[in-house]
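Below you'll find the structure, written out as structure tokens, and then a few comments.
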Amino acid sequence: MVSSPSAAPAPAPVQQPSPAQVGDPAPAPGAQRTYQVRTFGCQMNVHDSERMAGLLEDAGYVPFDGGVADVVVFNTCAVRENADNKLYGNLGELKQVKAAHPGMQIAVGGCLAQKDRETIVRKAPWVDAVFGTHNVGALPALLDRARHNNEAQLEILESLDVFPSTLPTRRDSVYSGWVSISVGCNNTCTFCIVPSLRGKEKDRRPGEILAEIQALVDDGAVEVTLLGQNVNSYGVEFGDRLAFSKLLRACGDIEGLERVRFTSPHPAAFTDDVIDAMAETPNVMPQLHMPLQSGSDKVLKEMRRSYRSTKFLGILDKVRDKIPHAAITTDIIVGFPGETEEDFQATLDVVEKSRFASAFTFQYSKRPGTPASDLPDQLPKAVVQERYERLTGLQDRIAAEENAKQLGRRVELLVTAQSGRKAEETHRLSGRSQDQRLVHFSVPEGAETPRPGDFVTVTITEAAAFHLVSDPATTADYSLRRSRAGDAWDRSQADSCGAPAPRAAGATGQKGVSLGMPSLPARRG
């Protein structure tokens, strides 16, 4: 489940560009209108934002480049307790900006829009359009209607109208991309509001997925991440319980696709055929995100998580038996209603045994509309905080110990466009290893500098809890492999230097790749 704490394999970046300057002039008559998408939440939301950007660019908008955007779209998350406050705080900041910028429009979409509906327009009447998770494609039309009618437009559907991956998409990266294999979720975890907001699981046909992956590869991508609320239940809609492992193996047949990842599976549905496919398909990476949530069987039962700690640990043992160097990450919720000290100790015990490379830990967040919000024994904040600190302290120690095992290892990195916070000081670039560990590396004097999307092979020289470092002493310790993805990066940079190329940037105005749904071959599977 990607859209809940049980699913987010990594906190998605919250896109918060510099505040717009009040009083910037409105666009001249006939000028192209600019847009900005601000994303909150998980990987599914990040990918949805790419679609929103693609739709707007199809409608003639261009990414804003400083100043005030003519359209600001908030793609919201409803998982955490303070999601509402973040949204309304941002909307409040834009109220005066909009008043000073004639023609500016504000739209709100995503999970919180699906949940709050009319509340958003009531609390922030200066919002022009509100749309839900099932009708992302309506965004340009709602903005047009709001401008024509001079009143807010609200459109929330209860079920999916068009599968989102058929919509135009402006990719956030030229070398790596998200590919949705399903939307929605059939699980009933008591802490999670997402199934009620994104609906029952809907699966895409395998041929459509593979065609989209091929189109990405043709555009220069070398890595894809398969997305679903629960990826390993993929195929339930068309009655093939082996569909996900078959899909992984089919990805191995796509020439030029070097790295395949997926997120997030559910332990209850994780089967041996998936482990075999991971181990036997060379471009499926040795990395797994497996949400634990709690190590207490009692708490797991209250959460309606249909597995127990023994099964969870058994899955990890099987994965490590077939893929010895696999890096396994997880999600854990601390302070679920009724959690005792004994329950929490059971979580610490499972974490100690699991040896996670990293863990995304959450303090339980009471969400109205979820069964857990009505449970007795909601825990005091102080108790939850103290347990949270103990858990993160344990996991930080384990992560540091596991990273220390990487010292001296030779690893191949996919160079990313993002560098570390201290990059200007250290002059290091950044990349991701096959097991998804973050590595900051330096380029030896006299060696060629890689582009984002290229591959470098280096030896790990330092280790910390959250990253690794490689400082090659000589050019002999450093190897560069230029790639099609690096070539695509060069092309995107060249496009951005001249007149704006159609849909040539990412969902937040960064450079990226435009991709609508390609013409499909005969369906497979």
Checklist line | Closest approach of Pro265 to Asn230 (non-hydrogen atoms, all atoms of both residues) | finding: C-OD1, 3.8 Å
Next item on the list: Kindly indicate whether the side chain of Val37, heavy atoms from C-beta on, has any atom under 4.5 Å from the side chain of Phe74.
Entry: no
Note to self: Salt bridge check, Glu280 against Lys322: does any charged N sit closer than 4.0 Å to a carboxylate O?
What the structure shows: no
Notebook entry, point to check: Are the aromatic ring centres of Phe262 and Phe244 under 6.0 angstrom apart?
Noted result: yes
Check: Who are the side-chain hydrogen bond (donor to acceptor under 3.5 Å, both in side chains) partners of Gln436, not counting sequence neighbours?
Finding: Arg261
Checklist line | Side-chain ion pair, Glu401 and Arg355, N-O less than 4.0 Å | finding: yes
Item checked: Spacing of CG belonging to Leu468 relative to CG belonging to Leu407, to within rounding of 0.5 Å -> 7.5 Å
Check: With side chains defined as the heavy atoms from C-beta onward, is the minimum distance between Leu216 and Val179 less than 4.5 Å?
Finding: yes
Note to self: Looking at every heavy atom in both Gly453 and Ala485, which two are closest together, and how far apart are they?
What the structure shows: O-CB, 3.5 Å
Margin query: Whether the side chain of Asp435 engages the backbone of Gln287 through a donor-acceptor N/O pair (distance < 3.5 Å, no angle test) should be reported.
Written below: no
Margin query: Please give me the minimum heavy-atom distance between Trp489 and Ala417, naming the atom from each residue.
Written below: CH2-CB, 3.8 Å
Next item on the list: Let me see the working for Val334 and Phe362 under side chain to side chain contact (heavy atoms under 4.5 Å, CB included), right down to the final yes or no.
Entry: CA-CA 6 Å; Val334 178; Phe362 304 85; over 6 Å; no
Notebook entry, point to check: Rounded to the nearest 0.5 Å, how far apart are CD of Glu402 and CZ of Arg397?
Noted result: 10.0 Å
Item checked: Straight-line distance of Cys111 SG to Asp48 CG, nearest 0.5 Å -> 8.0 Å
Check: Taking atom NZ of Lys311 as the centre, does the number of heavy atoms from other residues, nucleotides or ligands within less than 6.0 Å exceed 12?
Finding: yes
Notebook entry, point to check: In terms of side-chain heavy atoms, does Gln363 have a donor or acceptor partner in Gln385 at a distance below 3.5 Å?
Noted result: yes
Checklist line | Geometric class of the His289/Phe360 ring pair [parallel <30°, tilted 30-60°, perpendicular >60°] | finding: tilted
Checklist line | Test item: Ser433 side-chain N/O and Arg437 main-chain N/O as donor-acceptor pair under 3.5 Å | finding: yes
Check: Which heavy-atom pair separates Gln406 from Ile460 by the least distance, and what is that distance?
Finding: O-CB, 3.3 Å
Notebook entry, point to check: Is there a side-chain contact between His47 and Arg51 (heavy atoms, below 4.5 Å)?
Noted result: yes
Check: Do you know the tightest heavy-atom contact between Thr416 and Tyr175?
Finding: CA-OH, 3.4 Å
Next item on the list: Nearest 0.5 Å please: distance from the SG atom of Cys192 over to the CG atom of Asn187.
Entry: 9.0 Å
Next item on the list: State, without any angle test, whether His440 and Ser430 hold a side-chain donor-acceptor pair at a distance under 3.5 Å.
Entry: yes
Next item on the list: State whether the side chain of Thr76 and the backbone N or O of Leu112 hold a donor-acceptor pair below 3.5 Å, judged by distance alone.
Entry: yes
Notebook entry, point to check: Is any side-chain heavy atom of Leu316 closer than 4.5 Å to a side-chain heavy atom of Lys353?
Noted result: no
Next item on the list: Find the distance between CG (Leu210) and CD1 (Ile181) and round it off to the nearest 0.5 Å.
Entry: 10.5 Å
Margin query: What verdict does the side chain to side chain contact (heavy atoms under 4.5 Å, CB included) test give for Asn232 and Thr271, after you've listed the backbone C-alpha separation in whole Å, the side-chain angles of each residue and the deciding distance to 0.1 Å?
Written below: CA-CA 8 Å; Asn232 56 318; Thr271 49; over 6 Å; no
Item checked: Side-chain donor/acceptor of Asp203 to backbone N/O of Gly235, under 3.5 Å -> yes
Next item on the list: Drop me the distance from Leu300's CG to Leu292's CG, to the nearest 0.5 angstrom.
Entry: 6.5 Å
Notebook entry, point to check: Where do Ala476 and Arg410 come nearest, in terms of heavy atoms and distance?
Noted result: O-NH2, 4.1 Å
Item checked: Exercise: do Arg305 and Tyr307 side chains pair donor with acceptor under 3.5 Å -> yes
Check: Are Glu339 and Arg387 ion-paired here, with the side-chain N under 4.0 Å from a carboxylate O?
Finding: yes
Check: So, are Arg205 and Glu212 salt-bridged, with charged N and O less than 4.0 Å apart?
Finding: no
Next item on the list: Could you tell me whether the side chains of Asp477 and Thr459 share a donor-acceptor contact shorter than 3.5 Å?
Entry: no
Check: Just checking, is any N or O donor in the side chain of Thr39 or Ser49 under 3.5 Å from an acceptor N or O on the other one?
Finding: yes
Notebook entry, point to check: Where do Phe356 and Val351 land on the side chain to side chain contact (heavy atoms under 4.5 Å, CB included) test, with the steps shown first?
Noted result: CA-CA 7 Å; Phe356 296 118; Val351 169; 4.3 Å; yes
Check: How about Ile315 and Met290: do any of their side-chain heavy atoms sit closer than 4.5 Å?
Finding: yes
Check: Would one find more than 12 heavy atoms of other residues, nucleotides or ligands at under 6.0 Å from atom NZ of Lys298?
Finding: yes
Margin query: Can you list everything that forms a salt bridge (charged side-chain N to carboxylate O under 4.0 Å, His left out) with Asp487? Sequence neighbours excluded, please.
Written below: Arg451
Check: Got Cys189 and Gln293 here, is their nearest side-chain heavy-atom distance under 4.5 Å?
Finding: no
Next item on the list: Verify the distance criterion only: is there a donor paired with an acceptor across the side chains of Asn283 and Arg259 at less than 3.5 Å?
Entry: no
Notebook entry, point to check: Are any non-hydrogen side-chain atoms of Thr263 and Val231 less than 4.5 angstrom apart?
Noted result: no
Check: With respect to Glu258, which candidate in Arg481, Arg484, Arg432 satisfies the salt bridge (charged side-chain N to carboxylate O under 4.0 Å, His left out) definition?
Finding: Arg481
Check: Are Arg38 and Asn75 close enough, and set up right, to give a side chain to side chain donor-acceptor pair (under 3.5 Å), and what steps lead you there?
Finding: CA-CA 6 Å; Arg38 302 188 186 185; Asn75 187 12; over 6 Å; no
Check: Can you tell which of Tyr388, Phe336, Phe191 makes a ring pair (Phe, Tyr, Trp, His ring centres under 6.0 Å) with Tyr364?
Finding: Phe336
Item checked: Phe238 ring center near Tyr234 ring center (under 6.0 Å) -> yes
Per-pair distances, 0.1 Å, donor-acceptor, side chain in residues 441-450, under 3.5 Å, sequence neighbours excluded:
residue: Ser442; atom: OG; partner: Asp471; partner atom: OD1; Å: 2.8
residue: Glu448; atom: OE2; partner: Arg482; partner atom: NH1; Å: 2.8

Notebook entry, point to check: Counting N and O atoms only, with roles assigned by atom type, does the side chain of Ser180 sit under 3.5 Å from a partner on the main chain of Ser182, one being a donor and the other an acceptor?
Noted result: no
Check: Is a side-chain N or O of Ser483 found less than 3.5 angstrom from the main chain of Val222, in a donor-acceptor match?
Finding: no
Next item on the list: Evaluate side chain to side chain contact (heavy atoms under 4.5 Å, CB included) for Thr329 paired with Leu288, printing each intermediate quantity in order.
Entry: CA-CA 6 Å; Thr329 58; Leu288 177 65; over 6 Å; no
Checklist line | Side-chain touch Cys185/Glu201, heavy atoms, less than 4.5 angstrom | finding: no
